[in-house]
Amino acid sequence: MTEIEEADPPAVTVVNETGSSPYVLLCEHASRYIPARYAKLGLPDKELTRHIAWDIGAAGIGQGLSKALDAPLFMSGYSRLLIDCNRPLGVPSSIPEISESTLIPGNVGLDDAERKYRADAFYWPFQRAVRAHIDQRIEIGRPTIIFGVHTFTPIYKGYVRPWHAGVLYRRSAVFGERLLAELAEPGLTLAANEPYKIEDDHDQTVPVHGEKRGLDAVLIEVRQDLVGDEMGEAAWAARLAQALEALI
C-alpha cells in the first residue's frame with residue numbers, strides 16, 4: 001500500500017478555503033471511515049459508532065460554523081483509530097492499541113512500514129494542508145485564530161461529566177476566558193480546560209498550529225448527547241458562531 005485507493009475519501013476535506021473570517025476551523029476527528037482493507041481493525045460495528053472512532057457531531061458543528069462565520073474548515077477524512085490527526089506522531093495515542101477500555105486488534109504489533117504508511121496517507125496530508133493555509137495567511141498579514149472543533153462523551157470510564165461544553169486553551173488564556181464569558185447563559189454548565197487539558201504529548205492543533213506561531217488557539221469540546229442529531233449540531237454551531245463573532 002503506497003497511496004489512498006480510488007474508492008476511499010481524501011485524507012483532508014477543505015470547506016470554504018477562501019472565507020473572510022479570521023478563524024481557521026480544524027476538525028481532526030470528523031470521520032469514522034476505515035478502508036475496507038483494514039477489516040474494521042478487528043472491531044464489531046457497534047464499536048465504530050462510538051467516540052473511540054470519531055467525535056460525534058463535530059463535523060456538523062464545524063460545517064455550521066464555517067457557513068455562519070465565513071471561515072475555512074479543515075476536516076480529516078479518516079477515523080482517529082487509524083491515526084489521530086490531533087496527536088504528535090509516535091505517542092501511544094497516535095495509533096492506539098487500546099482506546100478508552102477497548103482493545104484495537106488491528107493496531108497491535110504494527111511494523112514501522114505500516115506506521116509510516118498511515119502517517120503518509122492519512123496524517124501528513126491534513127497537517128500540510130493546514131500548515132500551508134496558515135503560512136499563506138501569515139505571509140499576507142491576515143489575522144488568524146485557530147479554533148478546534150471537538151466533542152466528548154457524557155460518561156468516561158464510569159465518571160459522569162457534568163459540563164455541557166468546555167473551552168481548552170493554554171497560552172491563549174485571555175481569548176479562552178473571553179469565549180467562556182460570551183458563551184455563558186442560564187442553565188449552561190461550562191468549564192475551562194475540561195474534560196481535557198492541552199498537553200504537548202497529547203495535542204497537535206493548539207501547540208503546533210497555534211502556539212508555535214504565536215497565534216491564539218483554542219479547542220471547543222461539546223458533550224455528545226447535545227449534538228447527536230442535526231438539530232443539536234445546528235444549535236451549537238449557532239451558539240458558538242454568535243460568541244466567536246462577538247470576539248472579533
Side-chain angles (χ1 to χ4, degrees), residues 11-30 55 58-59 61-76 80 84-89 91 94 123-151 165-183 190-194 196-222 236-237 239-248:
V12 56
T13 295
V14 186
V15 178
N16 195 22
E17 187 168 11
T18 60
S20 63
S21 175
Y23 294 106
V24 176
L25 310 175
L26 306 186
C27 193
E28 308 92 337
H29 305 151
D55 276 9
I61 296 171
Q63 289 166 335
L65 271 177
S66 175
K67 183 176 182 180
L69 296 171
D70 190 27
L73 166 67
F74 293 77
M75 297 189 295
S76 173
R80 63 194 298 172
D84 195 321
C85 286
N86 192 36
R87 299 290 185 274
L89 290 179
V91 301
S94 171
Y123 178 88
W124 283 118
F126 181 88
Q127 304 301 336
R128 287 170 180 150
V130 172
R131 184 172 61 196
H133 179 79
I134 298 173
D135 283 347
Q136 183 182 49
R137 295 174 71 101
I138 291 174
E139 184 177 352
I140 63 175
R142 285 192 64 186
T144 300
I145 302 167
I146 307 301
F147 190 77
V149 182
H150 293 255
T151 65
V167 176
L168 279 59
Y169 56 83
R170 200 164 57 174
R171 295 183 189 172
S172 300
V174 172
F175 183 88
E177 291 294 337
R178 289 179 63 207
L179 178 57
L180 279 168
E182 287 293 338
L183 287 170
L190 306 171
N193 296 312
E194 294 290 358
Y196 311 107
K197 291 178 173 57
I198 302 296
E199 304 286 353
D200 286 333
D201 62 354
H202 197 70
D203 291 276
Q204 177 79 6
T205 288
V206 168
V208 174
H209 294 304
E211 291 178 346
K212 284 188 176 181
R213 298 171 181 272
L215 302 174
D216 274 325
V218 302
L219 302 182
I220 187 71
E221 290 275 1
V222 181
W236 270 92
R239 176 181 283 118
L240 289 167
Q242 182 176 11
L244 290 169
E245 284 278 17
L247 299 183
I248 297 174

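- Under the salt bridge (charged side-chain N to carboxylate O under 4.0 Å, His left out) criterion, R213 pairs with D135, sequence neighbours left out.
- Annotation: the span from L183 atom CG to W236 atom CH2 amounts to 6.5 Å, rounded to 0.5 Å.
- Scanning for side chain to side chain donor-acceptor pair (under 3.5 Å) contacts around S94 gives an empty result, with sequence neighbours left out.
- In this structure a side-chain-to-backbone donor-acceptor pair under 3.5 Å is missing from R142 to I134.
- In terms of the side chain to side chain donor-acceptor pair (under 3.5 Å) criterion, E221 has no residue partners (sequence neighbours excluded).
- Within the 4.5 Å cutoff, the side chain of L179 has heavy atoms near those of the L244 side chain.
- Identified under the salt bridge (Lys or Arg N to Asp or Glu O under 4.0 Å) test for residues 239-248, with sequence neighbours left out: E185-R239.
- When every heavy atom of F126 is checked against every heavy atom of M75, the shortest pair comes out as CE1-C, 3.8 Å.
- Under the side chain to side chain donor-acceptor pair (under 3.5 Å) criterion, Y123 pairs with Q204, not counting sequence neighbours.
- Closest non-hydrogen pair, A11 versus P125, comes out as CB-CB, 3.7 Å.
- Atom CG in L89 sits 5.5 Å away from atom CH2 in W124 (nearest 0.5 Å).
- With sequence neighbours left out, the salt bridge (charged side-chain N to carboxylate O under 4.0 Å, His left out) criterion links D216 to no other residue.
- At distances below 3.5 Å, not a single donor-acceptor pair connects side-chain atoms of E182 with backbone N or O atoms of L247.
- Shortest non-hydrogen contact noted between A191 and L180 is O-CD2, 3.7 Å.
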| Passes side chain to side chain contact (heavy atoms under 4.5 Å, CB included), L190 versus V167? Steps please. | CA-CA 8 Å; L190 306 171; V167 176; over 6 Å; no
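- When each of I220, N86, T205, L26 is paired with H150, the side-chain contact (heavy atoms from CB on, under 4.5 Å) condition holds for N86 and for no other.
- Every residue two or more places apart in sequence or in another chain that forms a side-chain contact (heavy atoms from CB on, under 4.5 Å) with A58 is listed here: C27, D55, V149, T151.
- Not a single ring-ring contact (aromatic ring centres under 6.0 Å, His included) links F147 to another residue, sequence neighbours left out.
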Expected list for residues 61-70: side-chain donor-acceptor pairs under 3.5 angstrom, two or more places apart:
from : atom 1 : to  : atom 2 : distance (Å)
S66  : OG     : A71 : O      : 2.6
D70  : OD1    : N16 : ND2    : 3.0
D70  : OD2    : S20 : N      : 3.0
D70  : OD2    : S20 : OG     : 2.6

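- With sequence neighbours excluded, the residues forming a side chain to side chain donor-acceptor pair (under 3.5 Å) with E177 are Y169, listed by chain and number.
- The distance from the OG atom of S76 to the NE2 atom of H29 is 8.0 Å, given to the nearest 0.5 Å.
- Each salt bridge (Lys or Arg N to Asp or Glu O under 4.0 Å) pair with one or both residues in residues 200-210, not counting sequence neighbours, appears once here: R170-D200.
- Among residues two or more places apart in sequence or in another chain, the ring-ring contact (aromatic ring centres under 6.0 Å, His included) test is passed with H133 by F74.
- To the nearest 0.5 angstrom, L215 atom CG is 9.5 Å from R137 atom CZ.
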